[in-house]
Engineer: 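Have a look at the structure that comes next, please.
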Amino acid sequence: MKKILVCLKQVPNTRDVKINPENHTLVREGVESVLNPFDDCALEEALKLKKKYGFSVTVMTMGPPQAEKILEYSFRRGADEAFLLTDRHLAGSDTWATATAVVGLAKKGGYDLLFCGQESIDSGTGHIGASIAEMMNIPQVNYAEKVLGLHENRIRIQAKFDKFDAQLEVVTPVVVSFLKKGFEVKLKAIDESVISERIKRVTLADLNLLPEQVGLEGSYTQVVNIDIDERFVGYVTVDSNLSANERILYITTGGITENENKKIIRDLSQESIEEIASLIM
Amino acid sequence: MSYIEVNKTKCIGCNKCVEVCNYDAIKVVNGKAVIDYNLCTLCGACVKACPVDAIVIAQVEKKIDLSNYKGIWVIIEYFDGELKNTGFQLVSKANELARASKDAVTAVLVGNTEPAEDELKKIFSEYGVRNVKAVYHKDFTRLITEDASEVLSAQIAQDKPKIVLFLGTIFGRTLAPQVATRVQTGLTADCTELEINERNNLLQIRPTYGGKVLATIETPYSCPQMASVRPNVFVEEKMPIMIEEVKIEKVPVKKRSFISVKNLKKVLMIEESDDIFETPVEEAKVVYCIGLGVGSKEGFDAVANFARQNGAVVAATRGVVDEGWADISQQVGQTGVTIRPELYVSFGVSGAIHHIIGIKNSRKIVAINKDFRAPIFKIADYCIVADLFEVIEKMKNYSLALQ
Ligand SMILES: Cc1cc2nc3c(=O)[nH]c(=O)nc-3n(C[C@H](O)[C@H](O)[C@H](O)COP(=O)(O)OP(=O)(O)OC[C@H]3O[C@@H](n4cnc5c(N)ncnc54)[C@H](O)[C@@H]3O)c2cc1C
């Protein structure tokens, strides 16, 4: 029986993420969090393989204790085992340090397939899959859409490549990063009373990793500054034809530098229609 | 920095490492493997090949003396005889950085094409690039970046460039993190600005959380400092004076330990997808961009049909791609493509900063949104405050009346 590890990330479900002004890292606590939708698709593909071939599906996430929420969700989806890698030294990890930690856990389990999302919706670097694969010296498939089939240690994957669809055959172990797509989420009825106990909590020490290999210290890239994007800040010029209410709203929505020479069309009279047609058709 | 070691007790002198080394950096002497540290590029091929795990690469010290690292490399795809022309946007940016950091720019062509010297000399002289390196093998393909990663990483370890820039194409976005991981350095994805700071380091600037925030990222303790940039973020600029001497260095690849040779990964089939519009969004002159304001797949299809009738290419916001109405290749913005068409028309797009980043350089922006507060109206040249379906309906009637 083959073993699949699905790497999950909890991401903020809001654009109001606060920044810790002292160390310029994100304050994620207190913000509503969800499973990164790309990772959900990776989990879905893993569960399909479980159904078809009886493979085991292990999920893991690296994050604060609250991240167990997405692991509990994974159990409801049908995952067999879940690891929560949580350690204060992990804070501030860049993609290198994150991949280091994930590889530390992945190596313990001897997985045949390592699935992850192509990118996360909050930072969207798309680096993790490639980094994990290179660290483990195994092949990787990016922009995967689905698993087509499996024969012994060879897996066939359909992937997107610019305007092409490609089918690749890769020898396991392999890292596959999945694109996002719509699917119907099916949840299983499981014993909720023990769900939290089923999560295996691990720390760096359990993975034989040193604090300096991860977190800010273990990261090659460092955030040196967080700024308001100057190009999008500025005085808001208000259209004097607007009503007082509308003007107030315009000012309070502020933000982006106003285009000074714009033309506003607020009705669809014959004249306007002619103008729009000459613009866009 | 890392070091590589052979555990003499474990080593059985089987020669497997010698066979896979691309750099003749390992030999078996008196029945045990010995590494020539001057030649070794730490590519790790021997580590993987060793049947008894006798070779290890370990990380001992992260801080290194960065003064040995010089020059700015721009990685450009060179497949099937075609030089990826968006690469010149990055070359132009590199020229600007090089003036600040007093470095030289090297264009590094990666692909399956044997360099056509005269042609390359002519092109690169116009962009002021004196050094061109072509790393190639006829079997390289865009879909198996692992092979290119192995060779490029070794080349980087050998030549020690200070900065390496990748174009964020699908190929570049896979290759860059592979290379950064192999050479053990930092990488920042999707930068929208690059600068040199007072310590002569690369500042990598990218929009992040909350949209209006820009993060400035540095790679302070390792080299090269790497960044990827989406096509069309920077503007290509030829130099006022052509340079005379362009040196083309050919680096043909001795292929021995690659993933593709070992048959670990192969391409079975590649075909043009049918669910995609003919012209890629980033190349289109006229783009109609569809936002969540269309409300449903049916609404999306209605606008997409209208676009096709008018010869426009359909783009979409991330919200629409998330819904599964449009393909990810149609997504415009920070995590999609950046476009600069002659005409951009939006239908029910709110204009979140992540989206605006990708469209703000369009020549003419026409926005249709029923909410006059929609941020897209701030940057638009023409703001049509109306229901998008009503606009389309009226447009159709108008053109019918003309016939
Ligand atoms: C890290 C990160 C990266 C991102 N990258 C991207 C990216 O690359 N590209 C991108 O697009 N987004 C990106 N986003 C998402 C972005 O922040 C917005 O959520 C998204 O662009 C909103 O899409 P929208 O304009 O289609 O939808 P909405 O914001 O929901 O806007 C819909 C608009 O339609 C209007 N409308 C509704 N009905 C009608 C009607 N009948 N007629 C006319 N108008 C109507 C509404 O007034 C509204 O303004 C990113 C977000 C994050 C956090």
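From a predicted model like this one, the values you see are computed outputs, not experimental measurements. Below, all heavy atoms of this structure are taken into account, side chains as well, without hydrogens, waters or symmetry copies. Order of the sequence lines fixes the chain letters, A, B, ..., with proteins taken first and strands second; residue numbering starts at 1 for each chain.
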Engineer: Need one label for Ile365(B): side chain, backbone, both or neither, based on atoms under 4.5 Å from any heavy atom in chain A.
Structural biologist: neither

Engineer: Of the backbone (N, CA, C, O) and the side chain (C-beta and beyond), which part of Phe161(A) lies under 4.5 Å from a heavy atom of chain B, both, or neither?
Structural biologist: both

Engineer: With a 4.5 angstrom heavy-atom cut-off, which part of Pro37(A) approaches chain B: side chain, backbone, both or neither?
Structural biologist: neither

Engineer: Heavy-atom distance under 4.5 Å to chain A: side chain of Ala380(B), backbone, both or neither?
Structural biologist: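 Only the backbone of Ala380(B) comes within 4.5 Å of chain A.
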
Engineer: Should we count NZ of Lys297(B) as having more than 12 external heavy atoms under 6.0 Å?
Structural biologist: yes

Engineer: Quick one: does Lys262(A)'s side chain have a donor or acceptor within less than 3.5 Å of a partner on Cys383(B)'s backbone?
Structural biologist: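 No, the answer is negative, given that no donor and acceptor are paired below the 3.5 Å cut-off.
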
Engineer: How long is the straight-line distance from CD of Gln222(A) back to CD of Gln204(B), given to the nearest 0.5 Å?
Structural biologist: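 One gets 11.0 Å once the value is rounded to the nearest 0.5 Å.
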
Engineer: Counting N and O atoms only, with roles assigned by atom type, does the side chain of Lys265(B) sit under 3.5 Å from a partner on the main chain of Gln140(A), one being a donor and the other an acceptor?
Structural biologist: yes

Engineer: Which atom pair, heavy atoms only, marks the closest approach of Ser131(A) to Pro177(B)?
Structural biologist: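 For Ser131(A) versus Pro177(B), the nearest heavy atoms are OG-O, 4.1 Å.
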
Engineer: If I measure from the heavy atoms of chain A, does Ile384(B) come under 4.5 Å with its side chain, its backbone, both, or neither?
Structural biologist: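 Contact with chain A is through both the backbone and side chain of Ile384(B).
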
Engineer: Going by heavy atoms in the side chains, are Val385(B) and Ile264(A) under 4.5 Å from each other?
Structural biologist: yes

Engineer: Between Leu264(B) and chain A, with a heavy-atom cut-off of 4.5 Å, which part of the residue counts as in contact: side chain, backbone, both or neither?
Structural biologist: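 Contact with chain A: backbone and side chain both.
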
Engineer: Picking from Asn142(A), Thr125(A), Leu279(A), Ile128(A), which has the most non-hydrogen pairs under 4.5 angstrom with chain B?
Structural biologist: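 Of Asn142(A), Thr125(A), Leu279(A), Ile128(A), Leu279(A) has the most heavy-atom pairs under 4.5 Å with chain B.
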
Engineer: Contact part of Ser149(B) toward chain A, heavy-atom cut-off under 4.5 Å: side chain, backbone, both or neither?
Structural biologist: side chain

Engineer: With side chains defined as the heavy atoms from C-beta onward, is the minimum distance between Asp327(B) and Lys160(A) less than 4.5 Å?
Structural biologist: yes

Engineer: Contact between Asn137(A) and Val47(B) at the side-chain level, heavy atoms closer than 4.5 Å - yes or no?
Structural biologist: no

Engineer: What part of Thr174(B) lies closer than 4.5 angstrom to a heavy atom of chain A: side chain, backbone, both or neither?
Structural biologist: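 Both parts, heavy atoms under 4.5 Å.
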
Engineer: Roughly how far, to the nearest 0.5 Å, is the CD atom of Glu134(A) from the CD atom of Gln184(B)?
Structural biologist: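 Interatomic distance, Gln184(B) CD to Glu134(A) CD, rounded to 0.5 Å: 11.5 Å.
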
Engineer: For chain A, which of Ile170(B), Asn310(B), Ile217(B), Ile270(B) has the most heavy-atom pairs under 4.5 Å?
Structural biologist: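 Among Ile170(B), Asn310(B), Ile217(B), Ile270(B), the one with the most close pairs to chain A is Ile170(B).
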
Engineer: Under 4.5 Å from any heavy atom of chain A, what part of Val366(B) do you find: side chain, backbone, both or neither?
Structural biologist: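 The answer is the side chain of Val366(B).
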
Engineer: Between Gln309(B) and chain A, which part of the residue has a heavy atom less than 4.5 Å away: side chain, backbone, both or neither?
Structural biologist: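 For Gln309(B), neither part sits under 4.5 Å from chain A.
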
Engineer: Between Asn263(B) and chain A, with a heavy-atom cut-off of 4.5 Å, which part of the residue counts as in contact: side chain, backbone, both or neither?
Structural biologist: both

Engineer: What are the two closest non-hydrogen atoms of Ala180(B) and Trp96(A), and how far apart are they?
Structural biologist: O-CZ3, 4.5 Å

Engineer: Find the distance between CD1 (Ile328(B)) and CD (Glu119(A)) and round it off to the nearest 0.5 Å.
Structural biologist: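 The distance works out to 6.0 Å.
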
Engineer: So for Leu268(A), is it side chain, backbone, both, or neither that comes closer than 4.5 Å to the heavy atoms of chain B?
Structural biologist: both

Engineer: Could you check Ile121(A) against Arg318(B) for side-chain contact (heavy atoms from CB on, under 4.5 Å), going step by step and ending with a plain yes or no?
Structural biologist: CA-CA 10 Å; Ile121(A) 60 163; Arg318(B) 186 155 110 182; 3.1 Å; yes

Engineer: Using non-hydrogen atoms and a 4.5 Å limit, figure out which bit of Glu274(A) sits close to chain B: side chain, backbone, both or neither.
Structural biologist: both

Engineer: Is the NZ atom of Lys146(A) crowded by more than 12 outside heavy atoms at less than 6.0 Å?
Structural biologist: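 Count not over threshold, so no.
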
Engineer: Using heavy-atom distances under 4.5 Å, tell me whether Asp322(B) contacts chain A through its side chain, its backbone, both, or neither.
Structural biologist: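 When you check distances to chain A, atoms from both the backbone and side chain of Asp322(B) fall under 4.5 Å.
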
Engineer: Under a 3.5 Å distance rule, please check whether Tyr288(B) uses its side chain to pair with a backbone N or O of Ile280(A) as donor and acceptor.
Structural biologist: yes

Engineer: Who wins among Glu146(B), Lys266(B), Lys394(B) for the most heavy-atom pairs under 4.5 Å with chain A?
Structural biologist: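 Heavy-atom pairs under 4.5 Å are most numerous for Lys266(B).
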
Engineer: Do Glu217(A) and Tyr221(B) have side chains that get closer than 4.5 Å, going by heavy atoms?
Structural biologist: no

Engineer: Please find the pair of heavy atoms, one from Thr188(B) and one from His127(A), that lie closest to each other, and give the distance.
Structural biologist: C-CE1, 4.3 Å

Engineer: Among Val141(A), Ile138(A), Val171(A), which residue forms the greatest number of heavy-atom pairs with chain B at distances under 4.5 Å?
Structural biologist: Val171(A)

Engineer: Considering non-hydrogen atoms only, spot the tightest contact between Tyr220(A) and Ser222(B) and give its length.
Structural biologist: CD2-OG, 3.2 Å

Engineer: Tell me, for Tyr398(B) versus chain A, whether the close heavy atoms (under 4.5 Å) come from the side chain, the backbone, both or neither.
Structural biologist: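 Answer is side chain: those atoms of Tyr398(B) sit under 4.5 Å from chain A.
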
Engineer: Check whether any side-chain heavy atom of Asp381(B) sits under 4.5 Å from a side-chain heavy atom of Lys263(A), and report yes or no.
Structural biologist: no

Engineer: Side chain, backbone, both or neither: which part of Lys180(A) has a non-hydrogen atom closer than 4.5 Å to chain B?
Structural biologist: side chain

Engineer: Please flag which part of Val321(B) lies under 4.5 Å from any non-hydrogen atom of chain A: side chain, backbone, both or neither.
Structural biologist: neither

